Amino acid sequence: MDAYDAGTIERKWQDVWEADRAFYVDDPLPGAAPEDRHFYMLEMLPYPSGNNLHMGHVLNYTLGDVVTHFRRRHGYRVLRPMGFDSFGLPAENAAIKEGGHPLEITERNIASITHLMRRMGWAIDWAREVSAHEPSYYRWTQWLFLKFFENGLAYREAAPVNWCPNDQTVLSNEHVVDGRCWRCGAVVETRNMEQWFFKITAYADQLLDDLETIDWPERTKKIQRQHIGRSEGAQVLFRLEELDRDVPVFTTRPDTLFGATFFVLAPESPLVEELAAENEEVMSYARIAAARPTEERATREKTGVFTGRYAVNPVNDEKLPIWVADYVLMEYGTGAIMAVPAHDDRDREFAEKFDLPIRTVIDDDGRLTGSGEFDGLPWREAVVGITEWLDERGRGKAAINYRLRDWSFSRQRYWGCPIPIVHCPDHGAVPVPEDQLPLLLPDVDDYRPKGKPPLASNGDWIATTCPVCGGPAEREADTMDTFVDSSWYFLRYADPHNERGPFDRALVDYWMPIDQYIGGIDHAKGHLLYSRFFVKAMNDLGMLGFREPFARLFHQGWVRQEGKRMSKSAGDSAIDLVEKFGADPIRIYILFQGPADQDIDWSPDGIDPMVRFLRRLWRVVAAAAEGPAPPNGLDTPLARKAHETIARVTDDIDRRFAFNTPIAAVMELVNELSKGPDDPAARFAAETAVSLIQPYAPHIAEELWSRLGHERLWEHPWPEADASLLRRDTVVLVVQVNGKVRDRIEVPAGLPEDELVARAKGSARAQAHLNGEEPRAFVVPDKLVNLVV
RNA sequence: GCCGGAGUGGCGGAAUUGGCAGACGCGCCGGACUCAAAAUCCGGUGUCCUCGCGGGCGUGUGGGUUCGAGCCCCACCUCCGGCACCA
């Protein structure tokens, strides 16, 4: 027989699958039969920011591929599409680096990555391919934006936002990591700018509560819960006599109100100017503090300045001095706090530095003191009591506060989805009429960031007329964050060519929610939160019939090379590797390294052993293929091993979501087969090994399957273990004395406990350790007897 | 600082419900085939004592529960991740 040659057989079968449209899935016929079982398998789509993929992608998509084949062969109609997150900073920065136009470079990268994906043999429905930068896609991104805008879920407002001075654009809170830009690492500044926001905060409670309804890793839910940051407390009104106004403050500890000794405003608070416009010291502090990078603000020693003004504490009418200090953040609560130095570390630090009074109002037993009528009350009860007291007098009320901010999604960059809005001097922000969508992104020569949106320099495009009055108006020059594109792409796959709407609701409701989503945990609080928000909002707008997009989620581990996370610019190139070793060896390698959710240290040295295993499989199966076709239901040791392997592999993939141990199980079967080629069940064992390895190494499996005289393994039913062959006639009984293994004896299966004990006592090796004493016995039927003296 | 997760041979890892620790693969040692090499195949491989039979020890550290603990409980150490002036 010829030798195993990965490259040749892989191309052969890839051509067959292509011609057969093997992995393209049809939509359900109207009134689909109840036995129609379907499964939506999706992995996070790649950025085409390079012409290649790294081994982290290879792990991600190979995992999805195993699940896809496994489900298909269990009779499911499986939707497994692919697309490209082709707008946005990653692609645009790559284009700037290469010095070409983003469109040209993005499309070249997509072609190259698509080629690689086909070469990996991944079972993808390419008829549904979608890219964010295609007008046929972003037309509907714009349409969705308009629906959100019309329903008050998208709005424009001047607000302090995160500004990356390197990428020259605003960033969402979710993409500032340790005070730095997630893409380039530059220290982020705060700027006050007119920005577009999605009203994700309106869904804070639902985003929190519905986490209970989805099968996600607990750590991911934790990240989202923490990010939403719901906390319960009270809103308390402090009187500012000079302004004749009440100022609200959020606190989780209204029970400490009697301990408040001063009052602090964030430097960005509009109240600072209202109270101290003429105080140069205060204004200058506020200006400098507000401009400081967030990162620096968080680590510095406390600073602040007294305004000379006072706020009135509603519980005792005391006048509290109002300070301005940058340890109070404008983004959280109301940008003003009551300071209780006795019971808050930050307030205490500030009080000590500026010599402000510290008043204890909760004693060592957790009861109130110095708090008037509330003295003696346990503090938890006082939280309720004082809140009620305030409420009755109109001086406060119970309140819930969130850390989650609205999602700022406008970007001052070129390569993104244009925001279909026209600014009219008379009518404000006016939507571009639906029949004028898509609003095409114009071709420009100079798309590089210059601190203002590149589209703003494009006079011909910017100048337009108001859809309401026909008067002169200007187009919105910002573009959308690429995370808007990826917040609904999974819906478009269900109906990718629809020209009348983003999708047909019946199709989306049929396929969604996604049964299994796989991707990196780095998207835990960005993409995974935005997509949940989009689906909830679209559900409320009557566009779809479910409220969560991803029923089950899995995060693959990081693939590292020499200790560093692999990226498209660092580490071995997947294209080079697949040409050198073949797709099957790489697919098996990346899944064999360990549990898929654990990090992997990549080394190309690990691939050769996988090539050796596949060669061994090839040889052993070829030998078995020469034997006679086996009768059914043979009961031989090899047949039993094959059935055990079916049971193990099936359970590992299906229930345990374990992908490394099935490969080990098939290796064991191949080892047994290689030792017992004369077993009458050799051919059955060979067919079983080939069938079970197919989701991992579909090309060699298909080739061997055909050499075994069969066809179309990719749609052949998954094998079933014969329960009668999983049962054993005899078992090896472990005999322990005082918990230590002293003997192993073969006994018939299913013996009663007293018989097992009798056999164990009969063991000469065990007796040698019993010293003639009569032992107590503990029995695990068919497994173990522990004799204790 | 707060909240998670993880520590098993020389290495990646396995042990699914508290019941044989180390499956499978790598590496290493020995052997077969070969003029030789590659490839392939066979055997061995936690550690210590022992010619051997056999025995002692062993899953980060210390304790506990149990007939029995890698797995459960308590304390600690180390590493990784998330959050971090969030009132």
Side-chain angles (χ1 to χ4, degrees), chain A residues 3 177-179 217-227 229-231 233 236 249-253 256 260 264 266 294 297-302 325-329 331-340 343-347 349-350 401-405 521-522 524-525 558 588-589 592-595 597-601 603 605-606 608-610 612-613 615-616 619 648 651-652 655-656 658 660-671 674-675 732-744 765 768-769 775-781 783-789:
Chain A
V177 180
D178 293 333
E218 203 44 47
R219 58 186 172 139
T220 313
K221 292 187 181 181
K222 280 229 161 70
I223 290 171
Q224 293 210 346
R225 283 193 197 107
Q226 198 166 234
H227 187 69
R230 178 186 156 111
S231 53
V236 185
V249 153
F250 176 77
T251 177
T252 52
R253 295 296 302 275
T256 63
V264 191
T294 325
R297 246 170 104 156
T299 51
R300 283 173 58 250
E301 208 184 307
K302 295 271 180 297
D326 67 357
Y327 82 95
V328 173
L329 309 174
E331 311 90 78
Y332 188 77
T334 61
I337 63 155
M338 64 173 208
V340 185
H343 305 291
D344 182 285
D345 292 342
R346 298 149 303 179
D347 296 344
E349 205 187 309
F350 192 84
N401 199 57
Y402 301 90
R403 274 153 88 162
L404 185 68
R405 303 288 88 198
I521 195 171
D522 47 332
K525 64 177 186 183
W558 300 117
I588 290 204
Y589 164 81
F592 186 63
Q593 291 316 296
D597 57 357
Q598 206 167 291
D599 293 354
I600 293 172
D601 282 312
S603 161
D605 298 344
D608 265 331
M610 299 300 108
R612 282 211 289 278
F613 163 64
R615 270 195 211 126
R616 187 176 160 86
R619 217 170 33 240
R648 274 173 68 186
D651 187 54
D652 280 356
R655 185 179 60 82
R656 302 180 64 207
N660 52 334
T661 46
I663 300 172
V666 173
M667 284 174 171
E668 278 187 53
L669 176 59
V670 171
N671 288 346
S674 140
K675 281 178 204 159
V732 174
L733 183 73
V734 173
V735 182
Q736 295 185 333
V737 176
N738 292 335
K740 288 188 177 170
V741 178
R742 295 302 179 184
D743 202 1
R744 294 180 178 87
R765 288 169 200 260
H769 293 273
R776 283 195 292 150
F778 295 85
V779 181
V780 183
K783 270 193 179 165
L784 173 145
V785 173
N786 189 11
L787 302 172
V788 178
V789 294

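Values below: every heavy atom of this structure, side chains too, minus hydrogens, waters and symmetry copies. Chain naming here is simple, since letters A, B, ... match the order of the sequence lines and numbering starts at 1 in each. None of the values given here were measured: they were computed from a predicted structure.
- Of all non-hydrogen atoms in Asn786(A) and Asn738(A), the two that sit nearest each other are OD1-N, 3.6 Å.
- Of all nucleotides listed (rC26(B), rC41(B), rA87(B)), rA87(B) comes nearest to the side chain of Asp344(A).
- Taking both residues in full, the closest heavy atoms of Asp601(A) and Tyr589(A) are given as O-OH, 3.7 Å, listed atom of the first, atom of the second, then distance.
- Rounded to whole Å, atom C1' of rG18(B) lies 11 Å from atom NZ of Lys783(A).
- Residue contacts shown for Arg744(A) include a base, since a base heavy atom lies under 4.0 Å away.
- We find that CG of Asp599(A) is positioned 17 Å from P of rC79(B), with the value rounded to whole Å.
- Whole-Å rounding puts the Tyr327(A) OH to rA84(B) P distance at 19 Å.
- Shown here, rG4(B) forms a base pair with rC80(B); the pair counts as Watson-Crick or G-U wobble because both key distances fall under 3.5 Å.
- In this structure, rU17(B) makes no Watson-Crick or G-U wobble pair, since no nucleotide meets both defining distances under 3.5 angstrom.
- Residue contacts shown for Arg742(A) are limited to sugar-phosphate atoms, with no base heavy atom under 4.0 Å away.
- Heavy atoms of Gln226(A) sit under 4.0 angstrom from at least one base atom.
- Nucleic acid contact class of Lys740(A) (heavy atoms, under 4.0 Å, all strands): sugar-phosphate only.
- Summarising the geometry, the separation between CD on Gln598(A) and P on rG81(B) is reported as 14 Å, rounded to the nearest angstrom.
- At the heavy-atom level, His343(A) lies nowhere under 4.0 Å from the strands shown.
- Residue contacts shown for Arg765(A) are limited to sugar-phosphate atoms, with no base heavy atom under 4.0 Å away.
- The base of rC67(B) has none of its N or O atoms less than 3.5 Å from a complementary donor or acceptor on the side chain of Arg776(A).
- In this entry the distance linking CD of Glu218(A) with P of rG4(B) reads 10 Å, nearest Å.
- rU40(B): Watson-Crick or G-U partner is rA32(B), with both key distances under 3.5 Å.
- In plain terms, the two heavy atoms of Arg616(A) and Ser674(A) that are nearest each other are NH2-OG, 3.8 Å.
- Between His343(A) and Arg253(A), every side-chain heavy-atom pair lies at or beyond the 4.5 Å cut-off.
- Residue contacts shown for Val666(A) are absent, as no nucleic acid heavy atom lies under 4.0 Å away.
- Interatomic distance, OG1 of Thr661(A) versus CD of Glu668(A), reported as 10.5 Å (0.5 Å rounding).
- Straight-line distance from the CE atom of Met338(A) to the C1' atom of rC85(B): 16 Å, rounded to whole Å.
- Residue contacts for Ile337(A): at a heavy-atom cut-off of 4.0 Å it reaches a base atom on one of the strands shown.
- Within 4.0 Å of Asn660(A), counting heavy atoms only, lie sugar-phosphate atoms of the nucleic acid but no base atom.
- Between Tyr332(A) and Phe250(A), the ring-plane angle classifies as perpendicular under the 30° and 60° cut-offs.
- Considering only side-chain N and O atoms, Ser231(A) lies under 4.0 angstrom from the phosphate OP1 or OP2 of rA87(B).
- Shown here, rG27(B) forms a base pair with rU45(B); the pair counts as Watson-Crick or G-U wobble because both key distances fall under 3.5 Å.
- Taking the side chain of Leu329(A) as heavy atoms from C-beta on, and the options rC20(B), rA23(B), rA87(B), the nearest nucleotide is rA87(B).
- Rounded to an integer number of Å, the gap from Phe592(A) CZ to rA23(B) P is 12 Å.
- Counting non-hydrogen atoms under 4.0 angstrom, Asn401(A) reaches nothing in the nucleic acid.
- The base of rC85(B) is paired with the side chain of Lys302(A) by a donor and an acceptor separated by under 3.5 Å.
- Side-chain atoms of Arg615(A) stay outside donor-acceptor range of the base of rU40(B), with no qualifying N/O pair under 3.5 Å.
- Using a 4.5 Å cut-off on side-chain heavy atoms (C-beta onward), Tyr327(A) and Asp347(A) make contact.
- Glycosidic conformation of rG9(B) is syn; the angle stays within 90° of 0.
- Rounded to whole Å, atom P of rC41(B) lies 5 Å from atom CZ of Arg616(A).
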